[in-house]
Q: 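I have a structure here, written as structure tokens, and I will follow up with some questions on it.
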Amino acid sequence: MLAWKFLAPGAIAPFTGIRWPAPEGSRSAPWMEGMASPGQGVHACAAEHLPYWFDEELWEVELDGPVTREVRQLIARRGRLVSRVDDWPACEPKFVRACLERTRRRVVDALFAEGRRVEAERLAVQTDLDALQSAAATIAASGFAVAGYVSDAVRRRPYPGLCAYIAANAAAAVDGQRGHDQERAIQAAWLRDRLTLDAGS
Amino acid sequence: MSRALPADLDCIVAVEQVTDYLEGAMPPDVRTQFEQHLVVCPGCVTYLRQIRAQIGAAAALGGAKPPSEEVSRKLLDLFRASRGG
């Protein structure tokens, strides 16, 4: 089964610090074995899991043995790196910006719905990100707390995982769990399309 | 802000869990929740790295020597005094 895995620079697992060997030329990478106990093993992502696990490198991985599909990850008996996804992290700023713009749109719509037209228009047309952050923070401080998500997303834009999380929480604040799930699905679809990842995994 | 989702892990809880995490003592679901927190919390990532580095540095010091008898006695006296004798 093919899946994906985010790794730190040098193909290092971000949490365990283990270095994953990369394939060399036409030679496949060696298998990395996971522990056999329940819930343990090699962790990887199906497309829908990707927005929850960002890092500097994205790799296509082959999984083998029984594969369990958890809510936010796949767990397999063993796995190996197949190839690096070239367009990541080059397209990271575009991903972050897309999260930010969806968050802005949700907040603008919510402001209009509350009859706060002037503030909505101010947020909608602002092109300078620092000014957008400041304007959103001012609106949040005035009692319209959901605007704070825009400010947070701008402030945290160096961190794609955090921006994706903020966008999902903004969607939840406006539209509950359904909004959250839709936003996460949009993020996964964005990554799948822009990185031309096969949906079949 | 409104919270329409189940509560996420707070940093104050996450830092308490770092030792269990590094020792592999967490159940899988707790570990996943902890790692999810790391993805969205650069501050806790830094903290985890510091603890890892600290463990590595301590390990590089080699075997710890026990304190001298006199130091041990003084420490015990201080400890007992702090507990009300």
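A note on names: the letters A, B, ... follow the listed sequences, proteins ahead of strands, and every chain is numbered from 1.
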Q: Would you find more than 12 non-hydrogen atoms of other residues, nucleotides or ligands less than 6.0 Å from B:R52 atom CZ?
A: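 Yes, CZ of B:R52 has more than 12 neighbouring heavy atoms, counting only those of other groups under 6.0 Å.
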Q: Can you find a heavy atom in the side chain of B:R31 that is under 4.5 Å from one in the side chain of A:H43?
A: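 Yes; the side chains approach each other to less than 4.5 Å.
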Q: Which of the residues A:F6, A:Y159, A:F54 is involved in the greatest number of heavy-atom pairs with chain B at under 4.5 angstrom?
A: A:Y159
Q: Measure the CZ-CZ distance between B:F34 and A:F15 for me, rounded to the nearest 0.5 Å.
A: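 With rounding to 0.5 Å, CZ (B:F34) is 9.0 Å from CZ (A:F15).
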Q: For a quick test of reading the model, state the closest non-hydrogen atom pair linking A:Y52 to B:Q36 and the distance between them.
A: O-NE2, 2.8 Å
Q: Count the heavy atoms belonging to other residues, nucleotides or ligands that lie under 6.0 Å from CD1 of B:I12, then report whether that count exceeds 12.
A: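 Check fails, neighbour count at 12 or below.
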Q: Identify the heavy atoms of A:Q73 and B:T32 that sit nearest to each other, and give their distance.
A: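 Nearest pair, atom of A:Q73 first, then B:T32: NE2-OG1, 3.0 Å.
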Q: Can you name the nearest heavy-atom pair linking B:P42 to A:L162, along with the distance?
A: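 Closest approach of B:P42 to A:L162: CD-CD2, 4.1 Å.
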